[in-house]
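Numbering of ligands and ligand atoms starts at 1, following listing order.
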Amino acid sequence: MTDVASTSTSDGAEGASYCSPGVTRSSFLAFSPPSIGEEEILEVVDTLRSGWITTGPKSHRFESEFAARVGAPAALGVNSCTAALHTALASLGIGSGDEVITTPLTFAATVSVIHHVGATPVLVDVEPDTLNISPAAISAALGPRTRAILPVHYGGHPADLDPIGEMAESVGATVLEDAAHALVASYRGRVIGSGPNPVAFSFYATKNLTTGEGGMLTGTPEMVDRARIWSLHGMSRDAWRRYARGGSWRYEVVAPGFKYNMTDIQAAMGLAQLRKLDGFQCRRRAVAAAYTSAFRELDALEVPSERGDVESAWHLYVLRLNLPALRIGRDHFIEELTTRNIGTSVHFIPIYRHPFYRDCYRLEPASFPVTESNYRRMVSLPLHPGLSDQDVADVIEAVRDAVLEHRR
Ligand SMILES: Cc1ncc(COP(=O)(O)O)c(C=O)c1O
């Protein structure tokens, strides 16, 4: 492996030793461990020593620095992407009798928040190349009750936002983006999160930037101000502003809000991670390129593509198996990689396959042929900045070996 730049050792996994050169690592390669170094530790310790550990100066600094990084008009730190999505829907006044159009190929959180505000999730199929929500399918589902369209930038590849935005505008709906995977990504030259519509990011442990748990909502200052109130019990003033010198103990509750605020401990990690983000993204892109150049020539594999008008955040590397070329299915393929000490995952078990959503909304796989056929053949490979060149070589070797052993 010579075409991948080396990572620094402070964040990088150690190179593995071999029992069977080029095929099986002696140690298990975790799918997506966080890339944490001394910088994060020092920044968190600084907060612990500071006398202020919940929402305060570092949370507000992280919001400003994050907003500057993605070019957002305003940003609100919260304790998860789920919280950001829920807060956005609630502060937009979306609820009972309303419909929100979204994708079935996502994590449960995207849909649970729609259910929680009392609205109806309307799931539509995805596009075959990017696996993002299909504008044509949205168009068929659009109606007078549509209050929001909730695209997920699957794997970090932006959804086709222009037609989605036009359709939303035609019915007076909002586009609320689930950008859990999309830091940093851009669509037609616009960075995800830089527009006026609400966009929710995740800082969960596996994400491109982590605060352990955490999230950020970006949008207009007016929307973010409203969401800030919803995110903290509906209170008109947060604790830092009440307890600071010159602050007043008085506050009013103006909405039945949530307890979703980000702590300064989380923000401390975020500030340190933000300083490393460009390097992280550079490494992710290099690893993805190395995988693609190795797998592209194997007819049993379909590599992920990046459309010409976007820049993916490369949160996931989702390989698709060309099943007719293999004697085994996806689940067996994953077992073969596990045997070779390579951690993998599947993104995602489609929403309509989960008993709650299947039964509550009477969903059937036949309504989502593109999602269903791709779900059966997808496997996510390790993709994170801590991968050493040797790790990348090991993944490539293991995948190649499994394909060669089981091809028709
Ligand atoms: C697409 C998508 N949306 C939302 C979430 C929820 O993020 P969080 O764990 O920060 O609430 C995730 C988490 O993995 C996700 O993958």
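- Interface of F107 with ligand 1, defined as ligand atoms under 4.0 Å from a residue heavy atom, comprises 2 (C), 5 (C), 12 (C), 13 (C), 15 (C), 16 (O).
- Atoms of ligand 1 lying under 4.0 Å from any heavy atom of A109, numbered from 1 in the order shown and given with element: 6 (C).
- At least one heavy atom of F348 sits closer than 4.0 Å to an atom of ligand 1.
- Among protein heavy atoms, atom 9 (O) of ligand 1 sits closest to Y204 CB, 3.9 Å.
- Ligand-side atoms of ligand 1 in range of G214: 10 (O), range being under 4.0 angstrom from any heavy atom.
- With no hydrogens or angles considered, no side-chain donor-acceptor pair links H157 and T130 at under 3.5 Å.
- Aromatic ring centres of H181 and F348: separated by under 6.0 Å.
- For ligand 1, one of its N or O atoms has an N or O atom of S202 under 3.5 Å away.
- A salt bridge is absent between R340 and D394; no separation between the charged side-chain nitrogens and carboxylate oxygens falls under 4.0 Å.
- Between D278 and R69 there is a salt bridge, since a side-chain N of the basic residue sits under 4.0 Å from a carboxylate O of the acidic one.
- Neither side chain, N79 nor Q266, offers a donor N or O lying under 3.5 Å from an acceptor on the other.
- Close contacts between ligand 1 and T106 involve ligand atoms 1 (C) [criterion: under 4.0 Å to a heavy atom].
- Within ligand 1, counting atoms from 1 as listed, the ones closer than 4.0 Å to a heavy atom of V152 are 1 (C).
- From the protein, the heavy atom lying nearest to atom 7 (O) of ligand 1 is C81 CB, 3.3 Å.
- The heavy-atom pair separating T110 from V113 by the smallest distance is O-CG2, 3.4 Å.
- Ranking the protein heavy atoms by distance from atom 6 (C) of ligand 1 puts T82 OG1, 3.6 Å first.
- Using a 4.0 Å cut-off between a side-chain N of Lys or Arg and a carboxylate O of Asp or Glu, K276 and E39 qualify as a salt bridge.
- Taking a cut-off of under 4.0 Å to the non-hydrogen atoms of T110, the atoms of ligand 1 that pass are 3 (N).
- In this structure, a donor-acceptor pair under 3.5 Å is absent between the side chains of S231 and N261.
- Nearest protein neighbour of atom 3 (N) of ligand 1, counting heavy atoms only, is D178 OD2, 2.7 Å.
- Inspection of the Y361 and T120 side chains reveals no N or O donor paired with an N or O acceptor under 3.5 Å.
- Nearest protein neighbour of atom 16 (O) of ligand 1, counting heavy atoms only, is H181 NE2, 2.8 Å.
- For atom 14 (O) of ligand 1, the closest non-hydrogen atom on the protein side is K207 NZ, 2.7 Å.
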